[in-house]
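What follows is a short report on a single structure.
All of these numbers come straight from a predicted model, not from anything done at the bench.
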Amino acid sequence: MDNILKIDKLKIVYRKRKKDFLALDCVNLELKKGEVLGIVGESGSGKSTLGLSVMRLLPPQAKIQNGNIYFKGQNISKIKEGEFNKEMRGKEITYIPQNPQNSLNPVFTVGRQLKDIIRYRAKDNLGNQTIDETAVKIMTEMGVAAAEKRLDEYPHQFSGGMKQRVLLSMAFVTNPTLLIADEPTTALDVTVEAQILGLLEELIEEYQSSIIYITHDLGVVSEIADRVAVFYAGRVIEINNRYNIFNNPKHPYTEALIECLPGDKKEEKLTVIPGEIPDLSDLPLGCNFHPRCKYAKEKCQKEIPDLFQVNEHGKSACFYHEEVGR
C-alpha cells in the first residue's frame, strides 16, 4: 500500500504566558491507504495537536518549529492557506471534532449546514435538487431515520448520538481520502459509542478512507485500529500493529496503560500509573517517562532514547527493552 500521509520530524511549540510548551517533538509517522492509525496517550501528550497540524488548524500561539507534513507526496505544511482550504480541507482531508454537542451551529438547521458543505466542496456546480438528494442520502446512510424531515431541524433537537451521525455525514459526504477523528465518541454513553464505532467501521470499509483515530481509550483502539502510535509528552514512544501493542508491548508506558484497563473480575482494583505527565514547559532530562518508570536506570535520566526497531512491524523508544532484547 502507498503512503497517503507522511509526517517528518514534526516539532510544534505553544507560546503561553511567556513560556514555551513543547507540544510535539520530532514526530515521525506514516499512514497507508485504507489504514486506521490509532493515536493514544494521556491528556497533554500531543494527540490533538497532531490532528490539528495536519488540518492546518493550529491556534495562533502554536508554531511549527521544524518538520514537514506530506499528503499524497505534496508538502501541505508549505502550500498557501488559500490553496489548502480550496483543494484539501473539508474535501480530501476531513475532521471530526471531540464534542458533537458544540460542533454544530445552533442557529442554523442541520440541513443547511450539511448542504453548505456539499455545495462548497462539490467539484461541479450542483442544482438544489441534487444537493437535497445528496444530503438525504448521506444522512440515511449514517442511520438517521426520516432524514428528509430531520434536515429541517436544529441541532438542539438531536441527541448526542444523532449529532455525531450528522458530523459523520459532513465528514464523509465528500468521500475524503483522509479522515481525522479526534475522540469522536468521548461525550457519548457506552451504548451509543458502540453504535457509532460500528458505523465507523462500516464506513471505513465502504469508503476506503485512511483514518487517524485519536483517543485516550485503549478499548476503542483495540476494536478499530490497524496500527497504534503511543504518545507521551509530545513524543511517539512506541508504534506497532494492534496485536503487538496489546499482547507484547515494548515500552513501559504502553505496558502501564494496558495494565490500567479494567479486568474481568469486578473485585479487582484498577491499576494507576504513579505520578503525572510532565510540565511541557519544563520537561525532565533524558527520557520523559523515567520519573514514572519502574525500569528506569541512570542512563534514562540523562539520554533521550531514539525509536529502535523491535520487530518487523514496530518500534519503541526505551533503553530497557533495547538492552533486554524484548
[X]: side chain to side chain contact (heavy atoms under 4.5 Å, CB included) partners, not counting sequence neighbours:
X    : answer
H216 : E183, T186
P278 : Y232, A233, L283, P284
N102 : N99
L257 : L218, V230, Y253, I273

Show me, pair by pair, the donor-acceptor contacts under 3.5 angstrom made by side chains of residues 18-25, not counting sequence neighbours?
{"unit_1": "D20", "atom_1": "OD1", "unit_2": "R15", "atom_2": "NH1", "d": "3.1"}
{"unit_1": "D25", "atom_1": "OD2", "unit_2": "R235", "atom_2": "NH1", "d": "3.0"}

Exercise for the section: Spell out, yes or no, whether I12 and I277 are grouped together once hydrophobic residues are joined by side-chain heavy atoms under 4.5 Å, including indirect joins. Expected result: no

Is it the case that atom [atom1] in [X] sees more than 12 heavy atoms from other parts of the structure closer than 6.0 Å?
X    : atom1 : result
E205 : CD    : no
E148 : CD    : no
K163 : NZ    : yes
I79  : CD1   : yes

Completion exercise
Rounded to the nearest 0.5 Å, the CD1 atom of I212 sits from the NZ atom of K47 at a distance of 13.5 Å

Handout entry: From CD (Q301) to SG (C293), nearest 0.5 Å
Key = 10.5 Å

Exercise for the section: Mind listing the closest non-hydrogen atom pair of F158 and M162 along with its distance? Expected result: CD2-CB, 3.6 Å

Exercise for the section: Keeping to residues at least two apart or across chains, list the salt bridge (charged side-chain N to carboxylate O under 4.0 Å, His left out) pairs with something in residues 49-61. Expected result: R56-E81

Completion exercise
Residue pairs meeting salt bridge (charged side-chain N to carboxylate O under 4.0 Å, His left out), one or both in residues 92-107, sequence neighbours left out, come to K72-E92

Fill in the blank from the handout: Applying salt bridge (charged side-chain N to carboxylate O under 4.0 Å, His left out) to E303 and not counting sequence neighbours gives none

Practice task
Just jot down the salt bridge (charged side-chain N to carboxylate O under 4.0 Å, His left out) partners of K86, sequence neighbours excluded, or say none.
Solution key: none

Exercise for the section: Supply the members, apart from V107, of the Ile/Leu/Val/Met/Phe/Trp/Tyr cluster built from side-chain contacts under 4.5 Å; use none for a lone residue. Expected result: F108

Problem - Contacts of type side chain to side chain donor-acceptor pair (under 3.5 Å), residue Y207, not counting sequence neighbours - result: E141

Practice task
Sequence neighbours left out, what passes side chain to side chain donor-acceptor pair (under 3.5 Å) with E153? Give chain and number order.
Solution key: R150

Practice task
Decide, yes or no, whether a salt bridge links E298 with K302 under the criterion of side-chain N to carboxylate O below 4.0 Å.
Solution key: yes

Exercise for the section: Would you mind reporting whether V221 and D217 have side-chain heavy atoms less than 4.5 Å apart? Expected result: no

